[in-house]
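As the structure is a prediction and not an experimental result, all values here were calculated from the model. Per chain, numbering begins at 1; letters A, B, ... match sequence-line order.
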2 protein chains.
Amino acid sequence: MRIGELSERTGIPRRLLRYYEEQGLITPERCENGYRSYDERLVDRVQQIRGLLDAGLPTRIIKQILPCLDGPGTIHFPDPTPEMLTTLELELDRMTRRIDCLARNRDAIAAYLEVVRGDGPSVGDARSVEA
Amino acid sequence: MRIGELSERTGIPRRLLRYYEEQGLITPERCENGYRSYDERLVDRVQQIRGLLDAGLPTRIIKQILPCLDGPGTIHFPDPTPEMLTTLELELDRMTRRIDCLARNRDAIAAYLEVVRGDGPSVGDARSVEA
DNA sequence: TCGAACCCTCACATTGATGTGAAGGTCAAG
DNA sequence: CTTGACCTTCACATCAATGTGAGGGTTCGA
């Protein structure tokens, strides 16, 4: 498919699809006329990228971890250098911390909302967190 | 305490502490001489801000949700306009999706790492290229 | 009294993720 | 053949989060 269709199917602006390519996150084929040609599988891939981006990971990290997330059974390791493994470990850790922080704060907000809309009992206490 | 001490205790550069203030996330007092004077509680507060920032929330959102996360017991609801509640609901939703996405990808990475190390070297293509 | 170590404001630079528009090629349908 | 809807590249604009440094005041100990 061409960029327009991929854009529509994923909800990602064309501009960003080109940007992700520029960042090395996806590498569509080219038709004779120079148009980008996207494989079906890139629909999922692009959405995964968006998810990670939304989750706060920078493209350069995403680029590194994407190869490990290929498919359910299709895991092929791209020659993991120890350096890369370290990066992954590190990022794994960051992600966990990020998740914890987000979860704690989300829970606090949820609690707050619950209290505010008379849902719960009287005065509540939504304790939360930090890094 | 002054900005230097807060910076040291939180690990946040002075520059950012001033930036957070500029963004309305914190509002330290001022001494006679114009120096910023930070309350003890701001140590936690600042770390909470960092956590949220790291988690991908922009300052303008953080500014909105911070009042709901004040302290242990000290929760005072600031006249929740329906508009604000909507924002919170929305952000709550985003956070949940973000968490899910992060968790999925983190698990995938964790699984990958687990396979790569120790466990049997069977699947995949192990190329040995060198740069 | 001097210097070191703080603090201030101002303001420009940078990076990452985007928006937007110009100038132009391709292609199917009227 | 022309028009409109695609596509291309290029390049400048923007926004948030930071870095960095200039120019200058304050405080404190030697």
Asker: If you define the side chain from C-beta out and look only at heavy atoms, does anything of E89(B) sit under 4.5 Å from T86(B)?
Answerer: no
Asker: Could you state the atom-to-atom distance from CG of L53(B) to C1' of dG16(C) in whole Å?
Answerer: 14 Å
Asker: dC27(C) C1' sits how many Å from E32(A) CD, rounded?
Answerer: 15 Å
Asker: Can you find a heavy atom in the side chain of E91(B) that is under 4.5 Å from one in the side chain of R94(B)?
Answerer: yes
Asker: Taking OP1 and OP2 of dA17(C), is either one under 4.0 Å from a side-chain nitrogen or oxygen of R50(A)?
Answerer: no
Asker: Quickly work out the L6(B) CG to dC7(C) P distance and round it to whole Å.
Answerer: 10 Å
Asker: Check step by step if side chain to side chain contact (heavy atoms under 4.5 Å, CB included) holds for I62(B) and Q48(B).
Answerer: CA-CA 10 Å; I62(B) 296 178; Q48(B) 187 170 36; over 6 Å; no
Asker: Is any side-chain heavy atom of K63(B) closer than 4.5 Å to one of Q23(B)?
Answerer: no
Asker: Does a side-chain N-to-carboxylate-O contact under 4.0 Å join R9(B) and E5(B)?
Answerer: yes
Asker: Is a side-chain donor-acceptor pair under 3.5 Å present for Y38(A) with R45(A)?
Answerer: no
Asker: Got a list of protein N/O to nucleotides 25-29 of chain D N/O distances below 3.5 Å?
Answerer:
{"residue": "dG25(D)", "atom": "N2", "partner": "Y35(B)", "partner atom": "OH", "Å": "2.8"}
{"residue": "dT26(D)", "atom": "O4'", "partner": "Y35(B)", "partner atom": "OH", "Å": "3.3"}
{"residue": "dT27(D)", "atom": "OP1", "partner": "N33(B)", "partner atom": "ND2", "Å": "3.2"}

Asker: Rounded to the nearest angstrom, tell me the gap between atom CE in M1(B) and atom C1' in dC7(C).
Answerer: 16 Å
Asker: Which of these, R14(B), R30(B), R15(B), sits in a salt bridge (charged side-chain N to carboxylate O under 4.0 Å, His left out) with E21(B)?
Answerer: R30(B)
Asker: Contacts to DNA chain C from residues 8-28 of chain B, heavy-atom cutoff under 4.0 Å, which residues?
Answerer: R14(B), R15(B), R18(B)
Asker: Could you state the atom-to-atom distance from CZ of R36(A) to P of dC6(D) in whole Å?
Answerer: 17 Å
Asker: Does a side-chain N-to-carboxylate-O contact under 4.0 Å join D100(B) and R104(B)?
Answerer: no
